[in-house]
Structures are given as C-alpha cells and as structure tokens.
Amino acid sequence: MLHSYLLMLVALLTLWSQLGGPPLVADVAVFLLVGFLSLSWGRFSVMARGLLLASIMVSLLTMWRLDSPWTVLREAADSFAFLAAFMTSLALLRLPAYRSRLIRRCGQSLLLQPPNWRYPLLSVGSTLFGIVLNFGVLNLFVSMIEKANTLGAAQGRQWVQQARRRRMLLATLRGFTLAPLVSPMGIGVAVILANLPELKWRELFPYVLAAATVLFLVGWACDHLAGPKPVRRNANPPRPSLLPLVRFSLLLSALMALIFLLSWWFELRLPQAVLVGVPLGAWLWLAWQCRLLGLMGVAPATVVLGRRLPALLGSIGNEVVALGAGAYLGYLSVALMDPAQLAGMAGVMVDLGTWLPLVAMLVIVVLAQVGVNPIISVTFLTSMASQVTLPGVPLPLLAAAMLAGWSLTMVTSPFTAAMMIMSRFTGLSAGRIGFHWNGVFLGTSLMTAVLLLRLAT
C-alpha cells in the first residue's frame with residue numbers, strides 16, 4: 001500500500017503548491033511521483049508502461065537537445081503531478097458513489113425504461129454518472145446491463161437480446177464520452193484551461209454544451225435508425241420513476257455549486273477549485289450516508305475514508321499514467337521544436353484562419369486512431385494556440401472543437417481506456433466496437449461538425 005500513500009502525498013503537496021506553496025513543495029511532489037511510478041510498475045498495463053518508457057526516452061532526448069533542459073523538464077513534471085492530483089481528487093467520489101443506494105436505484109430505473117426512451121436516458125445517465133465515477137461508470141453500467149438483459153427478458157428471442165445489448169452498450173459509451181466535454185471536473189477541460197489561462201469556463205461552457213447536445217442528438221438518431229422497431233403492445237408496462245435520476249442531478253448540481261463557490265470565494269482557477277471542492281464534496285456526501293451512526297456522520301465518514309482510500313488509490317494507476325504521461329509528452333514535444341519550427345507551426349495555425357477549429361478536431365481524431373492519446377495532441381495544440389493571435393477564430397470555439405474531437409476519439413480509437421474496458425466486457429475487439437459499431441456515428445458527427453463549424457466561423 002506504500003504506492004497508494006505516495007500518490008496521496010503527491011496530491012496533497014500539489015494542492016499546496018497550486019495554492020501558493022513554496023517551489024520546494026512542487027519538487028518534493030515530483031520526487032514522490034517518481035517513487036509512486038516506480039513502485040507501481042508491476043501493476044501497470046502494457047499501454048501505461050509504454051507511455052512511461054516513451055516519457056523516459058523523450059526526457060533523455062530533451063536533456064541531449066536543449067541547452068537548459070531542467071526548467072522544461074520541471075514544468076512538464078509539474079503538469080504530470082497536477083493531473084495525478086486531479087485524478088486522485090476525482091477518484092475520491094467513487095467511495096460514496098459505490099455505497100449510494102440512490103445510484104443503484106438510478107441504474108435500475110434507467111435499464112427498465114421503454115425501448116424508445118432507453119437510449120436518451122441511458123446516455124444522459126452515463127454522462128451524469130461519468131462526472132462522478134469517471135471510468136468506473138462503464139464497469140457499473142455494463143455490469144447492470146448484463147444482469148438486466150437476460151434471454152427471459154427478451155422472451156426467448158436471442159436476436160432481440162443481442163440488439164438490446166448492443167444499443168444499451170453504445171448508449172452508455174457515447175453518453176460517458178460526453179462527460180469530459182461538459183463537466184468542469186473533466187480532464188479535457190482541465191488541460192485546456194491550464195494551457196489557455198486567458199480562457200474562462202463561463203466563456204467555454206455555452207460552446208461545449210452546444211457540442212455535447214449535437215453529439216447526443218446524432219447518437220440518438222443513429223440508434224433510432226439502426227435499431228429494430230419495437231412491436232406495439234396493447235398493455236404497456238408501467239414506466240419506472242425517474243425521480244432517483246432527478247435527485248442525483250440535484251446532488252451533482254450541489255457539487256458543482258460548491259466548486260464554483262470555492263473558485264469565486266478564494267479567487268481560484270477552476271482546475272484548482274476542483275482539487276479542493278471534489279474531496280470536500282466526497283467527504284460531505286460520505287458523512288451524509290453515515291449520519292445515522294452518530295456525530296452527524298463526520299467521524300464515521302472519516303474512518304471509512306481512511307480505511308478505503310489506500311485500496312481505491314491503488315487501483316487508478318493506469319488512469320494516472322495515461323493522462324499524466326500524455327500531458328508530459330505533449331509539453332516536451334513543444335519544447336523540443338526549434339524556434340523556426342514553432343514559428344512555422346504558428347504560421348500554419350494563423351493561415352488556416354476560420355478552418356482552424358475543424359482542422360484541429362480532425363487532427364485529434366485521426367492521430368488517436370494510430371495511438372496518439374488526445375491529451376498529447378490537445379496539449380500540443382493549446383500550447384501553440386497560446387503563443388499566437390488567431391484573428392477571426394473565437395478561442396472558446398477552438399477549445400470546444402478540440403474537446404469534441406477528444407470525445408469522438410473515446411468512442412472510436414482502440415487505444416483509449418474506454419474502448420479497452422468495453423472490449424473486455426463484450427469480448428469483441430476494440431477496433432470492431434470503434435469502427436463497426438460506431439462508424440456511422442463517427443461519420444455523421446464529422447459531417448455535422450463540418451457544417452456547424454463553418455457556420456459558426
């Protein structure tokens with residue numbers, strides 16, 4: 001469990017550094033992060049180990065190519081540590097979520113909806129759950145789908161069972177990929193706001209909300225056209241109540257309000273407020289669950305948190321590496337380019353003019369298909385965009401296009417964690433899920449994006 005405690009210390013020290021701690025604090029956090037990665041090496045997936053080896057190789061290249069590499073390496077390592085702390089903060093929400101009867105009631109209500117409403121409700125539900133559970137929502141929802149979608153429920157018709165399974169899994173996957181797009185606690189939002197300090201969440205939100213709405217409607221339309229038409233029955237079974245989903249939405253709204261209040265009150269940037277607000281919100285939610293145990297649930301919640309936290313943090317190492325190493329590699333890739341190359345890339349971005357949002361989105365999607373994590377491409381593009389003036393291109397629109405591209409990679413690229421989880425549960429290859437199941441959705445989404453982005457610019 002030592003590696004779990006090291007990750008916990010990395011998160012605490014990074015938070016201290018973000019709130020104005022001395023530079024030495026950030027250096028200690030990076031040192032402990034290296035210790036966490038070293039101790040956890042045997043627990044990492046093949047993909048995570050590959051990312052770490054790539055990070056080591058690029059670090060050596062940086063030391064060879066640059067005259068003063070240590071400043072660059074330190075800044076890149078700070079971004080790695082920040083995302084490790086960010087993922088640690090989000091993981092804390094899983095403790096009260098997995099204990100919550102409200103979430104179980106939400107899941108049962110979603111799965112028992114009529115066929116015509118199953119896609120939108122599952123999609124919206126997995127978006128809401130994804131904000132809290134992150135990748136854990138896929139494990140939770142897929143398990144619930146497998147239990148609910150029995151051959152008996154399909155009245156012995158195997159083709160109906162298979163069709164329901166595919167449609168429900170796609171609704172869950174597509175809904176989950178919208179969570180990082182619209183949530184201020186999303187990794188994509190954190191990366192973009194960190195690399196574009198002049199951009200504010202209140203400016204970005206209308207654009208990402210519009211993008212998420214379009215992707216949701218495209219997915220719903222694809223599901224409706226592709227799925228079998230249900231047979232009309234004279235006696236319709238009663239529709240389960242959606243009241244648990246409403247209550248869960250209010251709970252999420254309260255968590256969001258806490259984060260925005262901390263951001264406003266202490267004048268923090270939104271990613272910094274997430275580092276404070278999410279652990280506080282998770283602890284308050286846990287205390288509410290334990291309120292009948294005495295002391296308003298405060299002491300029991302603290303005991304539960306202390307007992308369960310090491311095991312929880314020990315299970316998120318692959319996610320930490322995937323995101324942190326991606327940002328690290330993206331930062332160093334910019335630093336390794338010489339000034340002439342940087343000027344050339346900046347010139348290309350300016351020359352693209354109003355086509356830049358569309359091109360940026362396509363670049364992110366295409367590179368993801370060959371194994372380039374979107375966090376690398378987004379870090380590179382935002383780092384370049386922060387160095388130039390882009391006439392005629394609203395910065396929130398460019399950022400929203402990048403996040404939309406990031407979302408599309410999560411349902412198509414076989415190298416993303418979401419697709420690997422779905423592949424493990426379905427027994428199908430990630431490539432088949434991405435291109436056979438989601439090919440029409442991807443093509444329709446890209447064509448819609450071409451039209452809307454041209455109209456917007």
Is there a ring-ring contact (aromatic ring centres under 6.0 Å, His included) between Tyr331 and Phe380 once you walk through the steps?
CA-CA 7 Å; Tyr331 190 93; Phe380 182 86; over 10 Å; no
Side chains of Tyr328 and Thr379: is there a donor and an acceptor less than 3.5 Å apart?
no
Kindly indicate whether the side chain of Met410, heavy atoms from C-beta on, has any atom under 4.5 Å from the side chain of Arg174.
no
Given side chain to side chain contact (heavy atoms under 4.5 Å, CB included), test Ser123 with Trp220 step by step and report yes or no.
CA-CA 9 Å; Ser123 183; Trp220 191 3; over 6 Å; no
Do the charged groups of Asp223 and Arg118 touch, with an N to O distance under 4.0 Å?
no
Quick one: does Val124's side chain get under 4.5 Å of Leu178's, heavy atoms only?
no
Greater than 12 external heavy atoms within 6.0 Å of Trp117's CH2
no
Answer yes or no: is there an ion pair linking Arg94 with Glu319, defined by an N-O contact shorter than 4.0 Å?
yes
Should we say atom CZ of Arg308 is surrounded by more than 12 heavy atoms from elsewhere, each under 6.0 Å from it?
no
Pair Arg43, Asn318 - check side chain to side chain donor-acceptor pair (under 3.5 Å), show working.
CA-CA 8 Å; Arg43 299 177 176 86; Asn318 289 320; over 6 Å; no
Taking all atoms of both residues into account, what is the closest heavy-atom pair of Leu13 and Ala29, and its distance?
CB-CB, 3.8 Å
Quick one: are Ser17 and Phe82 in side-chain contact, heavy atoms under 4.5 Å?
no
Can you check whether Leu19's main-chain N or O pairs, donor with acceptor, with Gln272's side chain at less than 3.5 Å?
no
Which atoms form the tightest heavy-atom contact between Phe205 and Val182, and what is the distance?
CE1-O, 4.1 Å
May I ask you to check whether Trp201 and Ser263 show a side-chain donor-acceptor distance below 3.5 Å?
no
Going by heavy atoms in the side chains, are Leu446 and Phe441 under 4.5 Å from each other?
no
